[in-house]
Asker: 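Can you read through this structure? Questions will come right after.
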Protein chains: 2
Amino acid sequence: MNDTRPIRAKSGTNHEGTSAHNRRVMIDALRVNGALSRADLARATRLTKQTVSNIIDELESDGLVTSRQTVRNGRGQPSTPYALVPEGAFAIGLQIDRHMTRAIAVDLVGNVLVRLEAKLPSGGPTTGIRVILDLIAAVRRHLTAIASQSEQRLVGLGAAMPGPFGLAGNGDDPWMMEAWQKFPLLETLAVGTGLDVSIQNDAAAATIAERMVGAAHGLDHAVCLYIGYGIGAGLILGGELYTGAYGNAGEIGMALLAVGGKSTPLEHRASLASLYQYLSLDPADPNLYVKIHDLVSTEDRRIVEWVETAAADLRWSVHLIETVFDPQTVILCGSAPRILVDRLLVTMGPLLPSLAERPDRTVPRLQVGMADPWSVALGAAAGPISLEFDPRYAAILKD
Amino acid sequence: MNDTRPIRAKSGTNHEGTSAHNRRVMIDALRVNGALSRADLARATRLTKQTVSNIIDELESDGLVTSRQTVRNGRGQPSTPYALVPEGAFAIGLQIDRHMTRAIAVDLVGNVLVRLEAKLPSGGPTTGIRVILDLIAAVRRHLTAIASQSEQRLVGLGAAMPGPFGLAGNGDDPWMMEAWQKFPLLETLAVGTGLDVSIQNDAAAATIAERMVGAAHGLDHAVCLYIGYGIGAGLILGGELYTGAYGNAGEIGMALLAVGGKSTPLEHRASLASLYQYLSLDPADPNLYVKIHDLVSTEDRRIVEWVETAAADLRWSVHLIETVFDPQTVILCGSAPRILVDRLLVTMGPLLPSLAERPDRTVPRLQVGMADPWSVALGAAAGPISLEFDPRYAAILKD
DNA sequence: TAATTAAGTCAAGACAATTGACTTAATAAG
DNA sequence: CTTATTAAGTCAATTGTCTTGACTTAATTA
């Protein structure tokens, strides 16, 4: 037995894992339900009153929760509800897109405190990274002006950009952002900002935003169909964002539509990029969204055409997502003008039959989430908050 | 605040959760790596030597692990490897199919000790349940004859049958087993056997088998494409079987193949049922598999035709699975004759381009798993073992 | 033969949840 | 108005589980 093949094993846990989990469970409960008393928390989490009391004391002295007015509930001593303190934590979110970059600052409950954007120069990462670092620095300055403790309570920087990551090389597919995908973004941002950095694709980021403050709030099984320059699905499976073995799960835009024959990726038919192409719009045009909004609201013939073909493809995508994931709901979201997403939703109905047609359904099969150019940046910012405060299996384990 | 809306919260954990997790981690490590010393386990699980020592002592006195010959590893005291005791636990697996039922008994490491099958009468559950209960009783008698302690160490009964579950009603689609799907199987089996019963669809069961003793052994992100009478995908995501919000995740056989136009479910084109139909074979024929084997080995024209169309659909399915789940590997398995599955695998090559074409790949994109009529029953039996002994987030939580 | 290295044990300690009795503050009943 | 009841929340002791650091054992190497 002198071989040194690595031993594969899951990590064990100890008291600190237990305690970390229970703290996260409290925070999650307050996020999902709003203010709760210690007794409520004890019942909901199945912990004892005493344990909850200790944890709440601790969270309070850490500045993460605070008590509200006591309330009388009938007989018995009035209860004291506790709520999350928005200023308990902050995070920066960064979206890197083809032609521009956005940065945002959020607090513990998901309020957006600062938002800034900048055009990205065409030179790719070598010139773009300077713009990005400046933008982040500016966001931090603004944030400090609003909340003086923000720097001490900054839990990290979440970055979002189009995937997929780690591939062999895509040739020069203009749909991709190959130069950025190969750039050591994480390391560069970490050094340049001194923050903990995490990176996700844009659909995953939008999904985290939906879970924190949107349509997936409190749901443990939800899929967001994200329509941006590309198309992706963000997966909330078992209460956690699922990103696959290599971080590319949900890259549904790359799915080929037809079996055999000439097959096109979904992304080439139903994304904003395909819309720009169809309407010969310039993706770098700063008035793009206004133009699209106007075209939709005046029922322009060509955009109606595009919506109809895109809706057919998306209808099928929803069917596929339901069939494969069996989620509680599918959420249509995107960094697209709200009016366009609403129009898509309407045009997608009626949905294809699927196993999601349950007799006991309480949530709609398909609903609109945030449709806002800033949702990716918001989700990117929510990422570090979620990593730090949401209950997760990995948070229990050692190391 | 006198409303009584239910409070949604995750469950907390305590010492017992910690300890339960660490025990499971040990067992998992021994299952994946074979025999390991206490020191090895301590390093791999990041627990202290002392903790590992205590847990191993406990597992040993519970009859779940046992020591092997000490081995000299160079300097230092020789180490004592510990291994799982096969007789440490047993489980019964049950497969209910359209025309027959199979029952199996396995031990802790996945050895099959008993296998029995019976024809199911055409009368559906009302008459079939008697046959099934008798079959289970017979398996238990045989098991007791082999392992006298088996009854005390029986952790449960896992049942597997074609999904989907809990739907509104499928009309009388002959592909479905509607009467069985509506029958209160779980309750009836629990009462009839006195065991803990769990139910899964056949693809999920086959996947658990692959994870325990097959191609997914030790992998945390793998998808099994299961080809049986129907078609389904079994999902190992983040080291656990994922079954969706309502237990139907992976029912990929219901996925419609084309966008718009006349679209057929995958299941109607690439399943064994479609093969039987194509070749006008009787699904209830006891010599079915022998016939198919012969047809494949003699390269019968019509089966070659079927394989080619099915392979095209399955090639696309693999592409889709890779795109959506980003797994470490896709495993082709089924309750079909091995030779047919092998033939399908060969015919499916070359695979479609996808993000699974990674430069750093160590596992094949697609591989054959168990292809054996008994794999579903085996996986059904592995279910209760996995539930009882594998590390899982839910095992840590209270209640 | 002595030094070194590694496996494994012992006993005390630390940490976090649990337990059960107690306090507080409200409503309901007589 | 008084007393019983109910529920929130605290106190202090206890329990369960992992950790720590010193120690023992048994091998190889110098």
Side-chain angles (χ1 to χ4, degrees), chain A residues 1-4 7 11-26 35-62 65 67-82 395-399, chain B residues 1-2 4 7 11-26 35-61 65 67-82 395-399:
Chain A
M1 241 224 215
N2 60 353
D3 63 331
T4 39
I7 297 172
S11 168
T13 185
N14 60 11
H15 305 132
E16 281 150 44
T18 303
S19 158
H21 174 73
N22 288 342
R23 277 177 64 119
R24 284 168 185 256
V25 165
M26 299 291 157
L36 293 174
S37 69
R38 298 177 186 216
D40 284 339
L41 283 166
R43 279 186 294 268
T45 62
R46 290 149 153 123
L47 292 167
T48 60
K49 283 188 296 184
Q50 187 55 58
T51 299
V52 170
S53 236
N54 294 338
I55 294 174
I56 289 293
D57 285 347
E58 205 182 296
L59 291 176
E60 191 168 26
S61 78
D62 287 353
V65 308
S67 59
R68 292 273 177 82
Q69 254 329 304
T70 59
V71 288
R72 290 188 279 235
N73 315 284
R75 279 194 186 179
Q77 175 172 327
S79 60
T80 311
Y82 286 80
I396 290 178
L397 310 181
K398 300 187 73 175
D399 262 23
Chain B
M1 241 225 216
N2 62 353
T4 41
I7 297 172
S11 169
T13 186
N14 60 12
H15 305 133
E16 281 148 44
T18 303
S19 158
H21 174 73
N22 288 342
R23 278 177 62 118
R24 284 168 184 257
V25 165
M26 299 290 158
L36 293 175
S37 69
R38 299 176 186 217
D40 284 337
L41 282 165
R43 278 185 294 265
T45 62
R46 289 147 153 125
L47 293 167
T48 60
K49 283 187 298 183
Q50 188 56 54
T51 299
V52 170
S53 236
N54 295 339
I55 294 175
I56 289 292
D57 285 347
E58 206 182 296
L59 291 176
E60 190 168 25
S61 76
V65 308
S67 60
R68 293 273 178 82
Q69 255 330 305
T70 59
V71 289
R72 289 188 279 235
N73 315 287
R75 280 195 186 179
Q77 177 171 327
S79 61
T80 311
Y82 286 79
I396 289 178
L397 311 182
K398 298 187 76 175
D399 264 23

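Every chain is numbered from 1, with letters handed out A, B, ... down the list of sequences.
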Asker: How close or far is atom C1' of D:dT10 from atom CD1 of A:I56, stated in whole angstroms?
Answerer: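 It is 15 Å, rounded to the nearest whole Å.
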Asker: Just checking A:S53: base, sugar-phosphate only, or nothing, at a heavy-atom cut-off of under 4.0 Å?
Answerer: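 Contact class for A:S53: sugar-phosphate only.
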Asker: According to side-chain hydrogen bond (donor to acceptor under 3.5 Å, both in side chains), who are the partners of B:R75, at least two apart in sequence or on a separate chain?
Answerer: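 In terms of side-chain hydrogen bond (donor to acceptor under 3.5 Å, both in side chains), with neighbours along the sequence ignored, B:R75 is linked to no residue.
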Asker: So, using side-chain hydrogen bond (donor to acceptor under 3.5 Å, both in side chains) as the criterion, who are the partners of A:Q50 when residues are at least two apart?
Answerer: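 Scan of A:Q50 (side-chain hydrogen bond (donor to acceptor under 3.5 Å, both in side chains), adjacent residues dropped) gives A:N54.
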Asker: Please answer whether the main-chain N or O of B:H15 pairs with a side-chain N or O of B:S19 as donor and acceptor at a distance below 3.5 Å.
Answerer: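 Here the side-chain-to-backbone pair does not exist.
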Asker: For A:V65 and A:I56, which heavy atoms make the closest approach, and how far apart are they?
Answerer: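 Nearest pair, atom of A:V65 first, then A:I56: CG2-O, 4.0 Å.
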Asker: What pairs with A:R43 under side-chain hydrogen bond (donor to acceptor under 3.5 Å, both in side chains), at least two apart in sequence or on another chain?
Answerer: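 Expected list: A:D40.
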Asker: Taking atom types as they are modelled, would you say the side chain of B:H15 forms a donor-acceptor pair with the base of C:dA16 within the 3.5 Å cutoff?
Answerer: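 Answer yes: a donor N or O sits under 3.5 Å from an acceptor.
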Asker: Strictly by modelled atom types, are B:S67 and B:T80 linked by a side-chain donor-acceptor pair under 3.5 Å?
Answerer: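 Looking only at side-chain atoms, B:T80 and B:S67 do not form any donor-acceptor pair under 3.5 Å.
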Asker: Extract from the structure each pairing of a protein N or O with an N or O of nucleotides 21-23 of chain D at less than 3.5 Å, listing the distance.
Answerer:
none

Asker: Could you state the atom-to-atom distance from CD of A:E16 to P of D:dT17 in whole Å?
Answerer: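 That distance rounds to 17 Å.
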Asker: Rounding to a whole Å, what distance do you find between B:I7:CD1 and D:dA8:P?
Answerer: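 Taking CD1 of B:I7 and P of D:dA8, I get 10 Å after rounding.
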Asker: Of the nucleotides D:dT19, C:dA26, D:dG9, which one has an atom closest to the side chain of A:R72?
Answerer: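 Among the listed nucleotides, the one closest to the side chain of A:R72 is C:dA26.
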Asker: For A:G76 and for B:L47, find the nucleotide of DNA chain D with the closest heavy atom, then tell me which residue's nucleotide is more 5'.
Answerer: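 Result of the comparison: A:G76.
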Asker: Taking the minimum atom-to-atom distance to the side chain of B:S19, which one of D:dT28, D:dC18, D:dG9 wins?
Answerer: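 Of all the options, the side chain of B:S19 is nearest to D:dC18.
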Asker: Which part of the nucleic acid, if any, lies within reach of A:N22 when heavy atoms closer than 4.0 Å are counted: base, sugar-phosphate only, or nothing?
Answerer: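 It contacts sugar-phosphate atoms only.
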Asker: Quick one: label B:T51 by what it contacts on the DNA or RNA (base, sugar-phosphate, nothing), any heavy atom closer than 4.0 Å.
Answerer: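 Base contact.
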Asker: In whole angstrom, give the distance that lies between atom CD1 of B:I396 and atom C1' of C:dA16.
Answerer: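 After rounding, the gap between these two atoms is 15 Å.
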Asker: In whole Å, I'd like the distance from the CG atom of A:N73 to the P atom of C:dT24.
Answerer: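 Atom CG in A:N73 sits about 20 Å away from atom P in C:dT24.
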Asker: Look at the side chain of B:T18 and decide which nucleotide, out of C:dA16, C:dA7, D:dC18, has an atom nearest to it.
Answerer: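 When the side chain of B:T18 is considered, D:dC18 is the closest of C:dA16, C:dA7, D:dC18.
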Asker: From CG of A:D57 over to C1' of C:dA16, roughly how many Å is that when rounded to an integer?
Answerer: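 For the pair A:D57 CG and C:dA16 C1', the rounded distance is 14 Å.
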Asker: Specify the residue among B:P78 and A:I55 whose closest nucleotide of DNA chain C lies further upstream toward the 5′ end.
Answerer: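 Nearer the 5' end of the strand: B:P78.
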Asker: Figure out the NZ/C1' separation between A:K398 and D:dC18, and round it to whole Å.
Answerer: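 Whole-Å distance recorded here is 8 Å.
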Asker: Which part of the nucleic acid, if any, lies within reach of A:R43 when heavy atoms closer than 4.0 Å are counted: base, sugar-phosphate only, or nothing?
Answerer: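 Since only primed, P, OP1 and OP2 atoms lie under 4.0 Å of A:R43, the category is sugar-phosphate.
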Asker: Report the residues that fulfil side chain to side chain contact (heavy atoms under 4.5 Å, CB included) with A:I55, sequence neighbours left out, ordered by chain and then residue number.
Answerer: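 Expected list: A:N22, A:R23, A:M26, A:T51, A:L59.
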Asker: Distance check needed: C:dA7 P versus B:L36 CG, whole Å only.
Answerer: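 About 12 Å, once rounded to whole Å.
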Asker: Judged by each residue's nearest nucleotide on DNA chain C, which is more toward the 5′ side, B:N14 or B:R75?
Answerer: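 Its nearest nucleotide lies further toward 5', so the answer is B:R75.
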Asker: If you find the nucleotide of DNA chain D closest to B:Q77 and the one closest to B:R46, which residue's nucleotide is nearer the 5' end?
Answerer: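 The residue closer to the strand's 5' end, by nearest nucleotide, is B:R46.
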Asker: How would you list, by chain and number, every residue that makes a side chain to side chain contact (heavy atoms under 4.5 Å, CB included) with A:K398, sequence neighbours excluded?
Answerer: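 Side chain to side chain contact (heavy atoms under 4.5 Å, CB included) check on A:K398 returns A:S11, A:N14, B:R46, B:L47.
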Asker: Can you see if the side chain of B:S37 gets near the phosphate of C:dG8 - specifically, an N or O under 4.0 Å from OP1 or OP2?
Answerer: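 Affirmative; the distance criterion is met.
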Asker: If you only use heavy atoms from C-beta on, which nucleotide in C:dG8, C:dT18, D:dT10 is closest to the side chain of A:R38?
Answerer: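 Given the options C:dG8, C:dT18, D:dT10, the side chain of A:R38 is closest to D:dT10.
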